[in-house]
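Per chain, numbering begins at 1; letters A, B, ... match sequence-line order.
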Amino acid sequence: MSGDHSHNDSQIDSGSRHNDSHKHKDKYKDKEHKHKDHKKDKEREKSKYSNSEHRDSSDKKHRDKDKERLKLKDGSSDKQKDKHKEKKKEERSFDGKPKKEKENGFESPFIKSEPENDFYHSPKHEKSLKRELKKGEAVTDGKKKAKKEPEEKWKWWEEERYTDGVKWKFLEHKGPVFAPPYEPLPSNVKFYYDGKYMKLSPGAEEVATFFAKMLDHEYTTKDVFRKNFFKDWRKEMTSEEKSKLTDLNKCDFSEMSEYFKAQSEARKAMTKEEKLKIKMENERILQEYGFCVMDNHKERIANFRIEPPGLFRGRGDHPKMGMLKRRIRPEDIIINCSKDSKHPKPPPGTKWKEVRHDNKVTWLVSWTENIQGSIKYIMLNPSSRIKGEKDWQKYEMARRLKKCVDRIRAQYREDWKSKEMRIRQRAVALYFIDKLALRAGNEKEEGETADTVGCCSLRVEHLTLHQEMDGQEYVVEFDFLGKDSIRYYNKVPVEKRVFKNLQLFMEDKEPEDDLFDRLNTSILNKHLQELMDGLTAKVFRTYNASITLQQQLNELTTSEDNVPAKILSYNRANRAVAILCNHQRAPPKTFEKSMQNLQTKIDAKKEQLADAKRELKSAKADAKVRRDEKSKKAVESKKKAVQRIEEQLMKLEVQATDREENKQIALGTSKLNYLDPRISVAWCKKLGVPIEKIYNKTQREKFAWAIDMAEKDYEF
DNA sequence: GCCGTCACTTAGTACTACTCCA
DNA sequence: TGGAGTAGTACTAAGTGACGGC
């Protein structure tokens, strides 16, 4: 962590999703949130796609103990062979100099493309799928798979980038995949109202099945959920149904629920052949709809399926939980592609809402959802050029912050003393964002979402000031619900001046009043913009996460450690970041059981080790008496056995420690979104840890740019 | 300067497919 | 070989922040 950046373990221990209820703010207005139709069409129509256009610390106890243990054996065999090909010595800059103009012949290239496509489209691929299933070979990580990865990947990071907001010049795709139509229930699956069988109309039946599918979920017991569901369900009923079905409590969905459970079981029990058939069909759909062509390159689409209808499941105490998420039809869909591409066709007898050609945006398909009125998009996979460039840019921005963060910190410390309240508030808020990695905290429309806050939207009730606590002075106790209604709980000692300011901000205020009443994210970001070009509140999160990882890796790992020890340390560094960013998860349902199993394994291994040691001892004694070759060999083999078991035991123990420490912490979020991948790549290269130990296949694809460009001496 | 809209990133969870071990 | 446990993936909600109009 940077400088005084510390956080409290209590953050995780007590962290959980909470259902606080809060009073409403006056300033919120009760407005219908509706989106107007898009306006800039004319402008968009003007877009040109000419090719000639420019291309432009609680861990410490464990840590020491485990390290000691792991140091015992250095798996020198684990040392990675230096397989990295020679690369440019200089680190490439994001704004790197333009390379040679690339020729762009944007004729519809769905068919032609990289070698991998040929593979996927060939009968050979189908055969290989079948073979895999037959052999039970994994279509995941591992040696077998590694061979299949195409040799030549497009290195977009070595090419020139577009400027002036142009995202692409050619874009062709097949449009979205719609949710399958509703299949009515078989006649033997019945719905009962007030104990009596009732045949539902298809529309009402479909919505009823959404509820039935969730019957075992806690959601369906919540009043808000039930109320919203029933209200929306009634809208789908015939007038006759409406008059009869007036009380949700009298509705009996149990047969439906049983039917879906049985279906799910049947799916699990399918034969290999049936499963293969489904797999192949999915693969076919993926091949047809899962890729697009963007500027002569075939790119993977992230979410090409339209969200199916169902019941809205908000997070936390969401006022709209249970509402009906309606079915999206072609008439709701806006297609975005280039003029000169082969436009996707709507299903027979239907029309798209609109086909537009806006190359200033990255999305392929969009529609407006009915719950919040927000727009949903189909976009490209994280491994695509368009996402990768943005990611790279994000980390470059964070690195720029690194260069001026001292000046910014000095400035906000100075501002704590300002005569102006708004400046003091801004400075204290920025201090929290920097020190605690809090999110900016945009204002939210009341009644539309769960009551969650970020830094700028903190209320008086979210903080408790302690002049002294647990032997520390000026402690601020935070307790609020952040994004996704994840609880943020932390006790932080702050500087006296911050403490005094907070007292001032809270003076004469009610608990539900804003802590920073003279501040919002727009004001804060405008100020940050003045301090550094492009700086916003969220850059601090990226910066602090990445710098923390780098510092922790330096602190925790040495080249003498063996690979498992290094990985344990990496996970601990990753964990420090996850704690800083408050990335939590619900403990896995099977956690206790799996820990028990692991402990059983450890105990058995210990016994096995004791046995092996005894055998070694007796073999030694035997060899001493006999003094022949045979007994010498026996001693050697027993020694090896002991060694092998010790290694196995160590591995299990490391696994147990790692799992225990990860119980409530989600490492994935920070790894994927906050940690400059070049830090991890450089660390792997420097310490001889295979990159596969840190990043799985998907992650390696996302971070291909970093894996290719970062050398072992890379510094964030 | 405020507000609404839009585009895009970040987030946790549910489900599925795979691995490993008896 | 089958089942339990887990890692990986798909899904989609919930944030951030830019921008334009009034």
Side-chain angles (χ1 to χ4, degrees), chain A residues 17 27 29 31-40 132-133 136-142 145 165 167 217 264 267-268 275 278-279 282 302-308 310 312-316 318 320-321 325 336 358 360-363 366 368-369 371-377 379-382 386-387 390-391 394 439-445 448-450 452-454 456-457 482-486 520-526 528-529 534 536-539 541-542 581-586 588-591 593-595 597-598 601 655 659 666 668-670 672-674 696-699:
Chain A
R17 189 162 287 158
K27 63 182 173 184
K29 287 163 199 162
K31 279 185 185 166
E32 190 68 26
H33 189 73
K34 280 184 182 166
H35 288 255
K36 289 176 195 161
D37 280 332
H38 305 284
K39 291 173 189 168
K40 303 169 202 163
E132 273 168 20
L133 208 93
E137 276 181 19
V139 190
T140 55
D141 240 346
K145 193 69 198 290
K167 303 288 168 50
H217 204 287
S264 158
R267 226 173 296 128
K268 279 182 207 157
K275 282 182 182 169
I278 292 172
K279 194 175 174 182
N282 284 336
N303 55 324
F304 54 90
R305 289 174 201 274
I306 299 283
E307 295 173 21
F312 176 74
R313 304 148 86 132
R315 305 196 180 138
H318 202 294
K320 295 192 170 184
M321 64 167 81
K325 240 178 80 161
N336 194 31
D358 183 358
K360 297 274 174 71
V361 298
T362 65
W363 54 268
S366 78
T368 303
E369 55 92 29
I371 305 289
Q372 327 258 18
S374 66
I375 307 168
K376 299 267 189 166
Y377 302 96
M379 290 186 192
L380 294 193
N381 190 273
I386 223 159
K387 294 288 181 189
K390 206 72 191 296
D391 214 32
K394 174 181 77 186
R439 293 187 186 85
N442 279 323
E443 285 171 41
K444 301 167 74 187
E445 225 173 318
E448 294 290 307
T449 56
T452 60
V453 297
C456 294
S457 50
K483 183 178 178 179
D484 294 320
S485 293
I486 296 289
N520 60 37
T521 52
S522 161
I523 296 172
L524 179 68
N525 282 334
K526 227 167 257 170
L528 293 174
Q529 197 65 238
T536 63
K538 88 187 189 87
V539 179
R541 243 167 111 81
T542 313
C581 296
N582 200 37
H583 291 145
Q584 299 189 32
R585 62 165 185 173
K589 281 170 195 151
T590 53
F591 184 81
K593 201 180 162 198
S594 79
M595 277 310 274
N597 290 349
L598 196 54
K601 274 188 195 171
Q655 205 184 340
R659 199 181 292 173
T669 309
S670 47
L672 241 42
N673 300 301
Y674 289 102
N696 66 29
K697 184 170 171 274
T698 313
Q699 292 162 341

Enquirer: Indicate whether OP1 or OP2 belonging to B/dT10 is found under 4.0 Å from a side-chain N or O atom of A/H583.
Expert: no
Enquirer: Quick check on B/dA11: is either OP1 or OP2 less than 4.0 Å from any side-chain nitrogen or oxygen of A/R541?
Expert: yes
Enquirer: Mind checking what makes side chain to side chain contact (heavy atoms under 4.5 Å, CB included) contact with A/R439, not counting sequence neighbours?
Expert: A/K483, A/R541
Enquirer: A/F312 side chain: which of B/dA7, C/dA13, B/dT13 is closest?
Expert: C/dA13
Enquirer: Are OP1 or OP2 of B/dT16 and a side-chain N or O of A/K279 less than 4.0 angstrom apart?
Expert: no
Enquirer: When we call it a touch if two heavy atoms are under 4.0 Å apart, what does A/P382 touch: a base, just sugar-phosphate, or nothing?
Expert: nothing
Enquirer: For nucleotides 3-5 of chain C, give me every protein contact, N/O to N/O, under 3.5 Å, one pair per line with atom names.
Expert:
from	atom 1	to	atom 2	distance (Å)
C/dG5	OP1	A/K593	NZ	3.3
C/dG5	OP1	A/N597	ND2	2.9
C/dG5	OP2	A/K593	NZ	3.0

Enquirer: Return yes if some donor-acceptor pair links the side-chain N/O of A/N520 with the main-chain N/O of A/C456 below 3.5 Å, else return no.
Expert: no
Enquirer: Once side-chain hydrogen bond (donor to acceptor under 3.5 Å, both in side chains) is applied, do any residues pair with A/D391, and if so which ones, sequence neighbours excluded?
Expert: A/K394
Enquirer: Who pairs with A/K167 by side-chain hydrogen bond (donor to acceptor under 3.5 Å, both in side chains), at least two apart in sequence or on another chain?
Expert: none
Enquirer: Base, sugar-phosphate or nothing for A/Y377? Non-hydrogen atoms, less than 4.0 Å.
Expert: base
Enquirer: Does A/K394 put a side-chain nitrogen or oxygen below 4.0 Å from OP1 or OP2 of B/dT10?
Expert: yes
Enquirer: Which residues pass the salt bridge (charged side-chain N to carboxylate O under 4.0 Å, His left out) test with A/E307, sequence neighbours left out?
Expert: A/K325, A/K376
Enquirer: Hey, is the main chain of A/G534 close enough, under 3.5 Å, to the side chain of A/Q529 for a donor-acceptor pair?
Expert: yes
Enquirer: Only counting residues at least two apart or in another chain, list the ones meeting side-chain hydrogen bond (donor to acceptor under 3.5 Å, both in side chains) with A/K320.
Expert: A/E448
Enquirer: Could you list the residues that satisfy ring-ring contact (aromatic ring centres under 6.0 Å, His included) with A/F304, not counting sequence neighbours?
Expert: none
Enquirer: In terms of the nearest nucleotide of DNA chain C, which residue is placed more toward the 5' end: A/Q699 or A/I306?
Expert: A/Q699
Enquirer: With respect to the phosphate group of B/dC8, does any side-chain polar atom (N or O) of A/T362 fall under 4.0 Å of OP1 or OP2?
Expert: yes
Enquirer: Sequence neighbours excluded, which residues qualify as side-chain hydrogen bond (donor to acceptor under 3.5 Å, both in side chains) partners of A/N381?
Expert: A/S383
Enquirer: Using atom names, set out every protein N or O paired with an N or O of nucleotides 15-19 of chain C below 3.5 Å, distance rounded to 0.1 Å.
Expert:
from	atom 1	to	atom 2	distance (Å)
C/dG15	OP1	A/T452	OG1	2.7
C/dG15	OP1	A/D484	N	3.2
C/dG15	OP2	A/K444	NZ	3.0
C/dT16	OP1	A/A440	N	3.3
C/dT16	OP1	A/G441	N	2.6
C/dT16	OP2	A/N442	N	3.0
C/dT16	OP2	A/N442	ND2	3.2
C/dG17	OP1	A/T536	OG1	2.9
C/dG17	OP1	A/A537	N	3.2
C/dG17	OP1	A/K538	N	2.7
C/dG17	OP2	A/N525	ND2	3.1

Enquirer: I want to check one thing: is the phosphate of C/dA13, taken as OP1 and OP2, less than 4.0 Å away from some side-chain N or O of A/Q372?
Expert: no
Enquirer: Using OP1 and OP2 only, check whether a side-chain N or O of A/K167 sits under 4.0 Å from B/dC8.
Expert: yes
